[in-house]
Amino acid sequence: MKSIALAAALLIYQGPYMSVLWAADTAVSVPDSPPGQPLEPVPPPVAKSQTAAVKADADTDAGAESPQVELVDIPTADILDPMTYSTNFRFYNDGGIASRLVIGPLKRVNLGVTFDAQQVIGSGDPHMVRPSVYFKLRAFDGTDALPALALGYDNQAYLYQNSTHDFLEKEKGLYLVGSHEIFIPDLDLSAGMNINEFDNTKLYGFFGASYKIVPSFAVMAEYDNIRNAGDNRVNIGGRYWLTSYFNVDLAARNVGRGEARGGERIVRLNYTSHFPF
C-alpha cells in the first residue's frame, strides 16, 4: 500500500512538468534571427476571396490594352503605342478575307499593309486582290475641350468586282479625323473628312461613335461616305474583348441596302501585342 501511494504522489508531482516538456516538443519551430534584429513577422495567407477580387478587377479591365484605332469602316484618332503591333482578319461576303498588319515603330506613327483575297472560304476560285498600304500620324493628343487629331492614308477599298475590275466602294484615301469623349464616360465621337480621288478632289465626310456598355463590350455606329445621298453608308456593330489584347467585331455594313449595293455582314478578329524584342 505504501508503494502504491508513493507512485501516485510521484505522478501528481511530475504531471505539470511533463506537460510543459510535451508542449515544448510539439511547438512550431521558429528560425533564429541574427543577433540584435527582431524576428520578421510572417505574412498572413491570402484569402480566396481576395484572389477572386483581384481576378475580377483584371477581367473588368479587358478593353484597356487594345485602342480602338477604327470603328466598322471609319478611322479614329487613336493609334497603337510604340513597339506594339496589331493584326486583324476581316471575313466578308463570298468567302473573302482581308488581312491587315499594323505596327507602331515610333511614337505617334503607325504603318501597315493589307492583303485582300476573295472566295478563300467556299467552293469558288480563290484569288488575291491588290494589296493596300496604311499610314497614320497622331498630330494632336487633345485636351478636355479639344479633340485629338490624326492624319492618315488608307487605300483599302471594299468589294472588288471581277466584272469591272474595280471596287464597288472606294477607299478612304487621305483623311483627317478627330476623336473626343462626349457627354458621358466611354462615349467617344469621331468625325473627319477624306479625299480618295486626287484628280477631281472630291471631298467626303464621315462620323461615328462607340460606347462601352461594360469594359469588355462596346457598340459602334457610323455614317460614312457622306457626299451624295445615294452613296452614303450606315454601318453598325459590336466589339467584344475576350482578353485585353484580343477582340471580335460583328457588324452590318451599308444597312438597308441589298447585296448589289454593298450591303453585307462581316466578322473581324483583332489582336494587339508588343514586339517580342
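Treat the numbers as computed from the prediction; the structure is a model and nothing was measured. Residue numbers start at 1 and run along the sequence shown.
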K.L.:
Do Asp249 and Arg239 come close enough that some side-chain heavy atom pair is under 4.5 Å?
P.N.:
yes

K.L.:
Going by side-chain hydrogen bond (donor to acceptor under 3.5 Å, both in side chains), name the pairs with one or both residues in residues 101-112, residues two or more places apart or in two chains.
P.N.:
Arg108-Asp141

K.L.:
If the condition is ring-ring contact (aromatic ring centres under 6.0 Å, His included), which residues does Tyr160 pass it with, not counting sequence neighbours?
P.N.:
Phe167

K.L.:
Is the closest side-chain heavy-atom distance between Asp94 and Gln118 below 4.5 Å?
P.N.:
no

K.L.:
Sequence neighbours left out, what pairs pass ring pair (Phe, Tyr, Trp, His ring centres under 6.0 Å) with at least one residue falling in residues 174-211?
P.N.:
Phe207-Tyr223

K.L.:
Between Asn235 and Glu222, is there a side-chain donor-acceptor contact under 3.5 Å, judged purely by atom types and distance?
P.N.:
yes

K.L.:
Hey, could you give me each pair passing ring pair (Phe, Tyr, Trp, His ring centres under 6.0 Å) that has a residue in residues 115-143? Not counting sequence neighbours.
P.N.:
none

K.L.:
Taking side-chain hydrogen bond (donor to acceptor under 3.5 Å, both in side chains) as the definition, give me every residue that meets it alongside Asn247, ordered by chain and number, with sequence neighbours left out.
P.N.:
Asn270

K.L.:
May I ask you to decide if Thr76's main-chain N or O and Ser190's side chain share a donor-acceptor pair within less than 3.5 Å?
P.N.:
no

K.L.:
Got a donor-acceptor contact below 3.5 angstrom from the Lys136 side chain to the Val69 backbone?
P.N.:
yes

K.L.:
Mind checking what makes side chain to side chain contact (heavy atoms under 4.5 Å, CB included) contact with Phe89, not counting sequence neighbours?
P.N.:
Thr87, Phe91, Ser99

K.L.:
Indicate, with yes or no, if Val267 and Ile97 share a hydrophobic cluster defined by side-chain heavy-atom contacts under 4.5 Å among Ile, Leu, Val, Met, Phe, Trp and Tyr.
P.N.:
yes

K.L.:
Considering only heavy atoms from C-beta outward, does the side chain of Ile213 approach that of Val219 to under 4.5 Å?
P.N.:
yes

K.L.:
With sequence neighbours left out, write down each residue that passes side-chain hydrogen bond (donor to acceptor under 3.5 Å, both in side chains) with Ser86, or none if nothing qualifies.
P.N.:
none

K.L.:
Can you sort out the partners of Arg90 under side-chain hydrogen bond (donor to acceptor under 3.5 Å, both in side chains), two or more places apart, ordered by chain and number?
P.N.:
Glu264

K.L.:
State, yes or no, whether a side-chain contact exists between Asn194 and Asn225 at a heavy-atom distance under 4.5 Å.
P.N.:
no

K.L.:
Looking at Ala148, is its backbone amide N or carbonyl O close enough to the side chain of Arg138 to form a donor-acceptor pair, meaning the two atoms are under 3.5 Å apart?
P.N.:
no

K.L.:
Tell me, please, which residues at least two apart from Tyr153 pass ring-ring contact (aromatic ring centres under 6.0 Å, His included).
P.N.:
none

K.L.:
Any side-chain heavy-atom pair from Asp188 and Ser179 closer than 4.5 angstrom?
P.N.:
no

K.L.:
Check side chain to side chain contact (heavy atoms under 4.5 Å, CB included) between Glu70 and all other residues, then give those that pass, not counting sequence neighbours.
P.N.:
Asn88, Arg100, Arg268

K.L.:
Can you check whether Asp224 reaches Arg253 side chain to side chain, under 4.5 Å on heavy atoms?
P.N.:
no

K.L.:
Name all residues meeting the side chain to side chain contact (heavy atoms under 4.5 Å, CB included) criterion together with Thr201; count only those two or more places apart in sequence or in a different chain, and write none if there are none.
P.N.:
none

K.L.:
Residues in side-chain hydrogen bond (donor to acceptor under 3.5 Å, both in side chains) with Ser132, at least two apart?
P.N.:
Gln156

